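Quick caveat: nothing in here was measured; it's all calculated off a predicted structure. Along the sequence shown, residues carry numbers from 1.
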Amino acid sequence: PTARALADTFLVNHTLEKLLLSSTLVTTAGAQVLRQAAKQSRSLKFLEVNALSYVQSVLLGIRFSRCPGMQAQIDDAVQSRPSTLASSAFGRAYQRAVACGTVDEAKGVIRRIVEDFVRELPTLFLPGVVNGFVTQLTGPAVQQAQTARTVAGITWTYAGELGDISGGRYNFFKIVQHVLRTDGPEGLLGHVAVYARTLNEFTAVRRHGAAQGALPANATVDVWHFEHDALRFVPFHAQDNVVLEQKYQAGELVFETTLSFCTPGVWHRFDLNLSKQTNMATQVERRIRRCSRTETLPATTWRGTWLPEFWAKWFTAGKSYRFAGYLASSDDLQVASNFLGYPPRDPDDPALLPMVPVRFVLCFDLTKGCDHVNFLENISRVPGEREWLFQAYSAFTVRTPANLSTAFDRTNPLMIEVDVVPDNSTMPDHLPLAEWH
C-alpha cells in the first residue's frame, strides 16, 4: 500500500522533483511498483531510497532485509524515462531489430517475450501454466501460418489470458503494450522490438505491399465460403479463411486440414479444383467457392478505453503526439462501446488513480489514406471486432479535446477527436508521447 500510494503521487503530481524516503518498509512487489512509477513520472528528478527495507512474510513471523542496489535501479529508472520516440529505449532497440524470417523464428520470439515477462513479475505461476499459455497462443491457427508476419498478426488477436496465483490476468497483446509503455526492461524490450518489426510488416503496407492475411486500406480481399444445409453460402471462420487462401496462393489445391468451428480432431479434405470440401469422418461433401469483397478505409474508427483523469486532460486541441504502443480501434461503434464496460484491472497500474471513460474518434484523411494502419478481421482469432490496428508509436493530432465540465459515465463517455497522420515518417521523432490512449 505504501508503494502504491507513492506511485500515485509520482504519476499525478507533475511538480514533484525530489523525495527522500527514510525508515520505509516495502515488499519486493512494492519495490517494482516504485521503479515503474519513477520511470513514468513526468517531473521526478531524484528519489532517495537508501533507507528502504524489504519486508517478507515467513512462517514464524516477519523478516526484514536491506535493498542492495535499489538506489542505482531507481536512478536508472528516473534518468532513462522516455519523453519522445527519439529518447526511448524502444526506439534504439527497434533500429537494431530485424524482423523474423521464418514461422519458427516468430514463435520463438513470442515464447521468449512471455517467459521473460513472467520472470520480471513479482508473483508466482503454477507449474505448467506458462507453457500451456504459449501452447494455446501458438495453437492450430498459428501452426498453419506460412509467414512470420502472419504468426505475429494472429497472436496479436489472441484473447486468452495467462493467470498467476494472485489473480492477475495477462493477454499477450497486453504484455507487449506493457513493455512498450514502460520502455523496458532491456532484454525483454529487445524481443518485443523484433516482434514489432515482424508485426509491422502487416501495418506498414506501403513498404511491403498487401500483407498476407491482413488488409491495407481500400484493398480487395478474397473470402472463401461453404454451402450449408439450407443451400446458402456462408463465409468460413477468419482463421480458416487464412489457411484456404494461403493454400490457394501456394498452388496447393488438394489438402487436408482441421476447421476451427468443427469438432476437434475431425479432418476435412479440400479439393479447390473441384470446389469441394469433404468431412473425412462422415464423408459429407459440401460445395465451396471463393469470391472477393473490398474493404475501404473508413472515415472514422472508434476506441473505447479508460484513462487516468490527468491523461484525459493531456489531449489538448492542436497537440501532435505519438502513442507509445500499438493502438487498436474498430469501425464498429458498438465494439468500441463494449470495451467501456470493462473498467481497468491491470495489476501493474497503481490502483488508486482516478480513471475516466473515454471514446476516441480517429478521423482519417480519405484523400491521403494512412500508411500504417491495417484491418485484421481476416486473421483475427476474435472475429467480429473489425479491428483497425495502428503501428506502434503512430502519430496523431488532437482535433477536439475532452470536455470534463460535462457529466459522463461509461454509457456517456468523454469524447476526444483526433486526426490520423497519413504517414508517420512525415512527423518528427521528438513529438511528445501519450502513455495512455
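With His372 contributing its side chain and Ala395 its backbone, the two residues share no donor-acceptor pair below 3.5 Å. In terms of modelled atom types and a separation under 3.5 Å, the side chain of Arg322 and the main chain of Met427 share a donor-acceptor contact. For the pair Asn171 (side chain) and Phe173 (backbone), a donor-acceptor distance under 3.5 Å is absent. Between the side chain of Thr198 and the backbone N or O of Cys100, at least one donor-acceptor pair lies under 3.5 Å. No donor-acceptor pair under 3.5 Å is formed between the side chain of Lys313 and the backbone N or O of Leu404.
For Phe408, the CZ atom sits in a packed shell: over 12 heavy atoms of surrounding residues, nucleotides or ligands are nearer than 6.0 Å. Crowding of Phe339 atom CZ: a count of heavy atoms from other residues, nucleotides or ligands under 6.0 Å not exceeding 12.
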Trace of the side-chain contact (heavy atoms from CB on, under 4.5 Å) decision for Phe323 with Leu433 | CA-CA 6 Å; Phe323 173 57; Leu433 293 184; over 6 Å; no
side-chain contact (heavy atoms from CB on, under 4.5 Å) between Thr316 and Val398, worked out = CA-CA 6 Å; Thr316 54; Val398 179; over 6 Å; no
Decide yes or no on side-chain contact (heavy atoms from CB on, under 4.5 Å) for Leu244 and Phe255, but give the supporting numbers first.
-> CA-CA 10 Å; Leu244 292 173; Phe255 58 93; 3.6 Å; yes
Under the side-chain contact (heavy atoms from CB on, under 4.5 Å) criterion, do Leu189 and Asp183 qualify, and how do the steps go?
-> CA-CA 7 Å; Leu189 193 63; Asp183 205 40; 4.0 Å; yes
What do the steps show when you test Asp104 against Thr102 for side chain to side chain donor-acceptor pair (under 3.5 Å), and what is the final call?
-> CA-CA 5 Å; Asp104 286 343; Thr102 68; 5.5 Å; no
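Shortest non-hydrogen contact noted between Ala312 and Val358 is CB-CG2, 4.4 Å. Between Val420 and Leu362, the shortest heavy-atom distance links the atoms CG2-CB, 4.0 Å. Between Gly163 and Arg169, the shortest heavy-atom contact is CA-NH1, 3.6 Å. The nearest pair of heavy atoms linking Thr84 to Asp429 is CB-O, 3.5 Å. Minimum interatomic distance between Asn412 and Ala407 (heavy atoms only, all atoms of both residues): ND2-O, 3.5 Å. Nearest heavy atoms, Trp314 versus Ala434: CZ3-CB, 3.4 Å.
Taking the side chain as every heavy atom from C-beta outward, Val151 and Glu105 never approach each other to under 4.5 Å. Considering only heavy atoms from C-beta on, Leu162 comes within 4.5 Å of Val129 through its side chain. In this structure, Leu389 and Thr157 have side chains that are not in contact, with every pair of non-hydrogen atoms separated by 4.5 Å or more. The shortest side-chain heavy-atom distance between Met355 and Pro308 falls under the 4.5 Å cut-off. Between Ile113 and Val192, some side-chain heavy-atom pair lies under the 4.5 Å cut-off.
No side-chain donor from either of Ser330 and Asp332 sits under 3.5 Å from a side-chain acceptor of the other. Checking Arg149 against Asn200 by side-chain atom types alone, no donor-acceptor pair falls below 3.5 Å.
Screening Tyr195, Tyr170, Phe172 for a ring-ring contact (aromatic ring centres under 6.0 Å, His included) involving Phe117 leaves a single residue, Tyr170. Each of Leu327, Thr305, Thr301 was evaluated against Phe360; a single residue qualifies, Thr305, per the side chain to side chain contact (heavy atoms under 4.5 Å, CB included) test.
Atom-to-atom distance recorded for His191:NE2 and Asp116:CG is 4.5 Å, nearest 0.5 angstrom. Taking CG from Leu414 and CG from Leu340, the interatomic distance works out to 10.0 Å, rounded to the nearest 0.5 Å. Annotation: the span from Ile416 atom CD1 to Leu307 atom CG amounts to 6.0 Å, rounded to 0.5 Å. Taking CD of Gln391 as the reference point, atom OH of Tyr326 lies at 6.5 Å (rounded to 0.5 Å). The structure places OG1 of Thr138 at 9.5 Å from OH of Tyr158, a figure rounded to the nearest 0.5 Å. Separation of atoms CZ (Arg92) and OG (Ser87) is listed at 7.5 Å; rounding is to 0.5 Å.
The residues Lys247 and Glu252 are annotated as salt-bridged, a charged nitrogen and a carboxylate oxygen being separated by less than 4.0 angstrom.
A cation-pi arrangement is found for Arg197 relative to Tyr94, the charged atom lying closer than 6.0 Å to the ring centre and inside a 45° cone about the ring normal. A cation-pi arrangement, defined by a distance under 6.0 Å to the six-membered ring centre and an angle within 45 degrees of its axis, is absent between Arg303 and Trp388.
Aromatic pair Phe364/Phe390: centroids less than 6.0 angstrom apart.
Taking the six-membered ring for Trp and thresholds of 30 and 60 degrees, Tyr321 and His437 have ring planes inclined between 30 and 60 degrees apart.
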